[in-house]
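Data first, discussion second: the structure below is written as structure tokens.
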Amino acid sequence: MINLTNARLMRGEQTLLENANLTLHKGHKVGVIGRNGSGKSSLFACLNGQLQLDSGDLSMPDSLRIAWMKQETVGSHRSAIDHVIDGDSHLRQIETSLASAEQQGDGHQIAKLHADMDRIDGYNARVRAEQLLSGLGFSTTEFDSPVGDFSGGWRIRLNLAAALMAPSDLLLLDEPTNHLDLQATLWLEQWLNRYTGTLLIISHDRSFLDSVIGGVVSFEGKQLFEYRGNYTSFEKQRAERLAQQQAALEKQLKRRSEIEDFVRRFRAKASKAKQAQSRLKELERMQDIAPAHSDSPFRFTFFSPEQSAENLLSLKKAAIGFEQPLVTGINLKVFRHTRIGLLGRNGMGKSTLLKTLAGQLNWKHDSDTAEVTVSKHLKVGYFAQHQVDEIDLSLSPIALIQKIDPAAREQELRNFLGGFDFRGDRISEPAHHFSGGEKSRLALALIVWQKPNVLLLDEPSNHLDMEMRHALTVALQGFDGAIILVSHDRHLMGNTVDEFLLIDRGKCQVFEGDLHEYESWLQQDASSTHTGADKSKTDISSSPGMTANAKESRQQAALQRQQTGPLRKEIRALEKSMGKLSDSLKVIEEKLADPHIYDDARKNELKDLLAKQGEQQSELDRVEEAWLEKSTDLESV
């Protein structure tokens with residue numbers, strides 16, 4: 001058991017914890033939640049002995065073995081696999097002592113050390129390290145590559161593997177999924193679910209937390225609050241607790257009203273049965289957990305585009321890539337309210353497609369009939385990490401927006417930037433002082449201000465804390481434009497897009513399933529005997545390494561699609577009716593917005609419009625109810 005009693009923890013002049021208490025039981029898996037800068041990483045530093053409490057007590061068993069994930073690695077000539085094995089310091093100590101004993105010819109000590117090596121399974125250390133590297137996405141050809149050859153993100157993966165390599169009773173992981181793709185994240189979930197020690201994990205990936213943790217420690221007002229259950233359960237419990245606090249009631253009610261408005265607006269234009277139904281359920285759930293986010297410092301919405309068109313972009317047999325095409329035969333239409341999530345393993349072309357759509361790479365054509373048609377009203381808002389790095393960091397947030405829009409009023413900018421938690425003197429400070437999360441928020445603010453009608457978002461939630469991710473999710477749900485999103489944040493993806501495209505093996509095709517089915521798709525691929533570069537070329541449907549269970553699952557899925565065909569056809573017909581009725585109602589509402597319609601001379605026209613509006617709304621309600629019923633039937637199947 002680990003106990004923190006009356007703890008006071010400071011960082012410079014800032015007090016992070018005051019009279020805080022915490023109890024961690026053996027074998028518990030706990031998510032550590034709090035805003036950026038609240039003290040989560042400092043708490044980890046106290047637990048692993050790198051930082052001392054300013055006052056209070058920390059009691060831990062003397063024999064407790066602690067492993068933690070380092071955030072930085074200096075480039076070196078040491079191989080990747082040796083770097084991972086170095087994580088087991090006890091093994092390395094035995095190896096060093098054994099080499100010394102052999103040099104001295106001390107037979108008794110040699111025998112003892114070989115017994116120690118056998119006891120800790122040291123002879124299988126390389127095999128265990130290789131399994132960790134493979135699970136985290138390294139190819140076999142990279143195992144012996146120098147650490148210095150890897151980029152920063154891949155070095156973080158090496159640090160994660162080294163932490164997992166170390167035998168431990170307490171494992172501290174700080175943002176382990178930040179540089180992982182979905183396939184590696186799913187592997188890590190499975191590894192942590194098998195881990196028998198005590199786990200403390202800092203993460204802003206709520207889907208990952210829901211799969212791994214059984215409790216939450218939340219930084220709130222310089223105190224530590226403990227909750228049972230996963231992250232979703234934490235939200236509900238915190239909402240119930242905050243709902244009882246009278247001081248927050250007004251803000252809670254306002255936030256609930258905003259989210260209820262999102263629910264109403266989305267119901268009127270729901271499409272893509274499975275994704276839409278899931279998203280409606282999530283929106284309704286958000287009404288209940290709204291109070292849990294009532295004290296969030298982030299509150300912003302995307303402005304309505306100044307100009308738009310029904311057809312914004314059309315691709316026919318287009319191709320993307322560099323010297324050689326990476327993906328060919330791309331057929332894609334982006335309409336005014338298109339919401340697409342791009343799926344696929346790293347390196348398949350997701351980011352390249354977004355970069356090409358944003359105009360930063362040239363299109364390639366794989367035939368003479370290739371076409372790229374762009375509306376004159378297309379206005380792209382493009383977010384990618386390299387875009388963040390290209391911000392002029394010598395300028396302040398307010399100066400950066402004034403550079404885009406010189407006519408913007410200062411008070412208007414202050415109000416706007418406050419929604420991204422840039423307040424007071426912070427809006428006038430040069431951005432080079434900002435953290436990674438603050439730079440990402442600033443980049444998003446610059447995009448929002450420009451009122452795009454198409455958002456191209458490449459991992460927008462990287463470096464954002466949980467509250468900002470929640471605010472971004474809500475804002476994207478209300479965006480009145482098109483979205484094409486790449487993200488390993490499954491919660492963000494599942495609640496902001498309506499359809500998926502899979503980029504794999506040089507092709508871009510519609511993925512008919514949801515994110516759970518995509519996870520299964522990835523795991524089936526991982527079960528093949530291929531590794532490294534060969535794995536990315538494996539066709540799941542025809543792989544000779546595919547297991548019998550995987551083939552049987554695929555056959556069952558095909559049979560299920562055949563059985564549900566008539567139901568899907570009914571749902572598509574209902575969706576088409578919903579779309580027509582929604583368009584018709586919109587036309588009526590535009591006519592009713594004309595003040596002259598209420599003139600005495602147009603009484604009969606007004607009466608007809610109101611009657612028609614009532615009929616259309618009733619019909620839409622009936623069709624929507626039928627759609628939800630059929631969608632529920634499909635889900636149950």
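Since this is a predicted model, take the numbers as computed values, not measurements.
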For Gly215 and Ile213 the tightest heavy-atom approach is O-CD1, 3.4 Å

Would Asp421 and Arg35 pass as an ion pair if we require N to O under 4.0 Å? no

Short side-chain donor-acceptor distance under 3.5 Å, Asp210 and Thr232: yes

For Tyr227 and Ser218: C-alpha separation, side-chain torsions, deciding distance, then whether side-chain contact (heavy atoms from CB on, under 4.5 Å) applies. CA-CA 8 Å; Tyr227 300 84; Ser218 175; 3.8 Å; yes

Is the Phe479 to Phe302 ring centre distance short of 6.0 Å? yes

Mind telling me whether [Y] and [X] have parallel, tilted or perpendicular rings, with 30° and 60° as the class edges?
X: His179; Y: His463; result: perpendicular
X: Phe150; Y: Phe138; result: perpendicular
X: Tyr195; Y: Trp191; result: parallel
X: Trp521; Y: Tyr518; result: parallel

Tell me whether Lys222 at atom NZ has more than 12 heavy atoms from other residues, nucleotides or ligands lying less than 6.0 Å away. no

More than 12 heavy atoms of other residues, nucleotides or ligands under 6.0 Å from CZ of Arg228: yes or no? no

side-chain hydrogen bond (donor to acceptor under 3.5 Å, both in side chains) against Asp465, all qualifying residues, sequence neighbours excluded: none

Which residues satisfy the side-chain hydrogen bond (donor to acceptor under 3.5 Å, both in side chains) test with Arg469, sequence neighbours excluded? Asp489

Distance check, rounded to the nearest 0.5 Å: Leu343 atom CG versus Leu182 atom CG? 8.5 Å

Enter the distance from Leu53:CG to Arg8:CZ here, rounded to the nearest 0.5 Å. 11.5 Å

Within a strict 4.5 Å, meaning less than it, do heavy atoms of the Leu188 and Leu160 side chains meet? yes

Side-chain heavy-atom pair Leu515, Ser207 within 4.5 angstrom cut-off: no

Using the rule given for side-chain contact (heavy atoms from CB on, under 4.5 Å), can you reason through Phe298 versus His470, listing the C-alpha separation, both sets of side-chain angles and the distance that settles it, and then say yes or no? CA-CA 9 Å; Phe298 310 112; His470 177 83; over 6 Å; no

For Tyr231 and Ile33, run side-chain contact (heavy atoms from CB on, under 4.5 Å): C-alpha distance rounded to whole Å, both residues' side-chain angles, the deciding distance at 0.1 Å, then the answer. CA-CA 9 Å; Tyr231 183 82; Ile33 304 298; 4.0 Å; yes

Side-chain donor-acceptor distances from residues 60-70 under 3.5 Å, at least two apart:
{"residue": "Arg65", "atom": "NE", "partner": "Asp169", "partner atom": "OD2", "Å": "3.2"}
{"residue": "Arg65", "atom": "NH2", "partner": "Asp169", "partner atom": "OD1", "Å": "3.3"}

With a cut-off of 3.5 Å and sequence neighbours excluded, list every side-chain donor-acceptor pair involving residues 42-52.
{"residue": "Asn48", "atom": "OD1", "partner": "Gln50", "partner atom": "N", "Å": "3.2"}
{"residue": "Asn48", "atom": "ND2", "partner": "Phe44", "partner atom": "O", "Å": "3.4"}

Kindly write out the residues that satisfy salt bridge (Lys or Arg N to Asp or Glu O under 4.0 Å) with Glu519, not counting sequence neighbours, or none if the list is empty. Arg490

Intermediate values then yes/no, side-chain contact (heavy atoms from CB on, under 4.5 Å), Arg128 and Leu132: CA-CA 6 Å; Arg128 288 186 282 122; Leu132 291 170; 5.6 Å; no

Take Asp458 and Ser351 through the side chain to side chain donor-acceptor pair (under 3.5 Å) test and state the conclusion after the steps. CA-CA 7 Å; Asp458 192 350; Ser351 295; 2.6 Å; yes

Listed by chain and number, what are the side-chain contact (heavy atoms from CB on, under 4.5 Å) partners of His90, not counting sequence neighbours? Asp88, Gln93, Ile94, Arg119, Ile120

Worked check of side chain to side chain donor-acceptor pair (under 3.5 Å) between Asn159 and His83: CA-CA 8 Å; Asn159 288 347; His83 179 84; 3.1 Å; yes

